[in-house]
Structure formats: C-alpha cells, structure tokens
Amino acid sequence: MQVGLNILGAERLYDDRIRSVLDLAAAADRAGVDMISTGDHLGFEASAHAERVREHGFPFPLDHDWYEPLTLLSSVAAVTERVLLNVSVLIATLRPPLLLAKQIATLDRLSDGRAAIGMGVGWQEAEYTASAMPFDARFGRMEDTVRACRVLWASAPASFTGRDFAFDDFHSFPQPVQPRVPVIFGFAPSPRNFARIARVADGWTANPADMASFTDSVTLLRRTFEEHGRDPHSAIVQVSVAPEHRDDGTVDYDATADTVHAWHAAGATTAVFRPATFCTAGEEVPQLIDWAVRLKATLLHG
C-alpha cells in the first residue's frame, strides 16, 4: 500500500504562496510519503462551472488557481528524491499527443524515473472547444493518445496511425527512464472502461462518487486484466480519501484510518490525501504527513 498527498489547492494554507507547497512536497518526500499528486483543468466556461457546482457539488471556485500540473510536478521533482509524481487526473485529450508524450518523458527524465500519470477525459465540453480539440469520441481518442505516447517513448523512429492523428518515421527525444511509465485512468467503473485500462493503461483512479460499488469494481477490474492476459494483482487502484470529522468539525484521524483500512482490504493500492481538505493552516500539515506515514506502516504490517 502506498500513500500520497494531493497538493491541489494547498497554497491556500500558506497565504497563496505556491513555493511553500514545494517545501510541503520536500518534507513529505523526506518523511516517507510515496506520491505527490495534483489536479488539472485548463479553464472554465462560467455557466458550465456553475452547473457543475449546482449539480455535482464541485468544490472549487471559478477563480481557483489551477497550476499546469506537469509544470508544477517538474518543480516538485527538483526538490524531491523518491516520491512518485502523479496527476489525478490529467485531461489528456485536451493536449496533442506529441506534446503530451514530450511533457511526460521530460518529467520522467528530470525525476529519474518517477512519473506516474493519471489520465481522464474531463466533463466540460467548453474546455475542448476553447482548446480546438474534439469532444466527441474522446474516450477512444484517449486510448489512441496513450498508444501513441507508448510508441514514442519506446522507439525512434516511431510510427503510429490513429483515428484522428498519425506520424511516421518520427524521432522524439528524450525518452523516459522507465521502460513503462505507469498510466492510471480516471474513468467510471464499467466493463468497457476497464477493458480500455487493461489494453493500454496500468490502473484505475476511483472517483469518490463510485466508492459505493468499490469492492465489485475492483473485482471487475482484476477479472478484466486477467482476460487480457495481465496479472490481475498488478492493477493499480488509487483512491482519494476525504477526512472523517467529529461533531465539533475537527478531523477524526482514527475514523479516517478505519475507512482507508476498509478500502485497502477491498483492493486499494494507493490512498491519496489532500492537505487542503484535512488542514486549515500550514502548521497542521506535518501532523497529516506523520499520520499518513504511520498509517502506511499499519497497512503494510497488518
């Protein structure tokens, strides 16, 4: 079991100083946290954002700072030595595949092989329109995008033909340090989506809205991996953990730990905690880091 911190929005704990978040990441790395993660949006159309807030409880205001994730993780790479560098989830189909492959390969080289990228297709059509990228058939494009990246990461010259893009005799350097950069899809659990993961990716990031069916979903994911000739227990299963609260509003770390233990027993391999939801000030973050590392030890040793 691995534990991670999602630094999305953590700057608000430090008077909006994003450089203080790099100190947070470095401290987590030294303490034994396994992963630093962040999120992704290129922007919002105001009415789409309002609808998302109204219908889905989207927790971020329209003027929230969404730092470009691969750029931010490159800064994290420079101040850390061992943590994996993750996006949960990168809206991969908003980016041209050649550029995406270059960005991830660069991050992997800068970090000496620590990229582990979660990818998704997003929900906001306006974000695609503003980026001049097609919204329709984005799930298939996502699969093509990962296939294209893997070809570029593995060989030069590289050739690929997809539905919407192609290249031939193409040389792209640098290539990643890792023989296979982990890619984790943030899709709703379904046979079709899990088949996409089994074909081109390495695991699944569970949406909090899908946790009610988590145990059955992990069973389906592992069965799908096996049907595609892959080790079912090699599937990464990443969950984002919200804090449990006491009646007085303080975080109940013991109750939160019980939740993580239950999800681990059901098949979760990585639990990610977001300091911005656990803490009200930067002074509280060391407690969260210490708790997460101790929790990992109890999960590893029963």
Exercise. In Å, rounded to the nearest 0.5 Å, how long is the span from OG1 of Thr71 to CG of Leu107?
Worked result: 9.5 Å
Problem set entry | Flag side-chain contact, heavy atom, 4.5 Å: Arg147 against Arg199 | yes
For this session: State plainly whether the residues Asp136 and Arg163 are in salt-bridge range, i.e. N to O under 4.0 Å.
Result: no
For this session: State whether the number of non-hydrogen atoms from other residues, nucleotides or ligands found under 6.0 Å of Arg180 atom CZ is greater than 12.
Result: yes
Problem set entry | Under 3.5 Å: donor-acceptor pair, side chain of Gln238, backbone of Ser240 | no
For this session: Report yes if the side chains of Pro243 and Asp252 come closer than 4.5 Å at any heavy-atom pair, otherwise no.
Result: no
Exercise. Linking I/L/V/M/F/W/Y whenever their side-chain heavy atoms sit closer than 4.5 Å, directly or via other members, would Leu42 and Val53 fall into one cluster?
Worked result: no
Problem set entry | Heavy atoms from other residues, nucleotides or ligands near CD of Glu81 exceed 12 (cutoff 6.0 Å) | no
Seminar exercise, completed: Interatomic distance, CG@Asn86 vs CE@Met35, rounded to 0.5 Å, equals 4.0 Å
Exercise. Does Asn6 use its side chain to pair, donor to acceptor, with the backbone of Leu8 at less than 3.5 Å?
Worked result: yes
For this session: Taking only Lys NZ, Arg NE, NH1 and NH2, and the carboxylate oxygens of Asp or Glu, determine whether Arg222 and Glu226 approach each other closer than 4.0 Å.
Result: no
Exercise. Using 4.0 Å as the upper bound for N to carboxylate O, is an ion pair formed by Arg246 and Asp254?
Worked result: no
Exercise. Is a side-chain N or O of Arg138 found less than 3.5 angstrom from the main chain of Phe135, in a donor-acceptor match?
Worked result: yes
Seminar exercise, completed: Output for pair (Leu73 CG, Ile117 CD1), nearest 0.5 Å, gives 6.5 Å
Exercise. Is the backbone N or O of Asp108 less than 3.5 Å from a side-chain atom of Gln178, with the two atoms forming a donor-acceptor pair by type?
Worked result: no
Exercise. Shortest non-hydrogen contact from Val121 to Phe187?
Worked result: CG1-CE2, 4.1 Å
Exercise. Are there more than 12 heavy atoms of other residues, nucleotides or ligands under 6.0 Å from atom CG of Asp247?
Worked result: no
Exercise. Which atom names give the shortest non-hydrogen contact between Gly120 and Thr93, and what distance separates them?
Worked result: O-OG1, 4.1 Å
For this session: Spell out, as yes or no, whether a donor-acceptor pair under 3.5 Å connects the side chain of Glu143 to the backbone of Val200.
Result: no
For this session: Please check if the side chain of Asp40 supplies one atom and the backbone of Pro69 the other of a donor-acceptor pair under 3.5 Å.
Result: no
Problem set entry | Name of the residue among Trp66, Tyr128, Tyr67 meeting ring-ring contact (aromatic ring centres under 6.0 Å, His included) with His41 | Trp66
Exercise. Side chains of Ser217 and Trp204: does their closest heavy-atom pair fall under 4.5 Å?
Worked result: yes
Exercise. Can the ring centres of Phe58 and Phe60 be said to be less than 6.0 Å apart?
Worked result: yes
Exercise. About how many Å separate CG of Leu72 and CD1 of Ile7, when rounded to the nearest 0.5 Å?
Worked result: 4.5 Å
Seminar exercise, completed: Rounded to the nearest 0.5 angstrom, the OG1-CG distance for Thr215 and Leu220 is 12.5 Å
For this session: Would you mind reporting whether Thr270 and Asp34 have side-chain heavy atoms less than 4.5 Å apart?
Result: no
For this session: Mark yes or no for whether Ser190, through its side chain, and Asn193, through its backbone, hold a donor-acceptor pair below 3.5 Å.
Result: yes
Problem set entry | Gap between atom CE of Met119 and atom CZ of Arg95 - 0.5 Å precision | 9.5 Å
Exercise. Counting N and O atoms only, with roles assigned by atom type, does the side chain of Asp29 sit under 3.5 Å from a partner on the main chain of Val83, one being a donor and the other an acceptor?
Worked result: yes
Problem set entry | Trace of the salt bridge (charged side-chain N to carboxylate O under 4.0 Å, His left out) decision for Arg230 with Asp202 | CA-CA 10 Å; Arg230 301 182 63 178; Asp202 302 288; 3.2 Å; yes
Problem set entry | Verify same cluster id: Leu84, Val76 (apolar side-chain graph, 4.5 Å) | no
For this session: Please check if the side chain of Arg82 supplies one atom and the backbone of Val33 the other of a donor-acceptor pair under 3.5 Å.
Result: yes
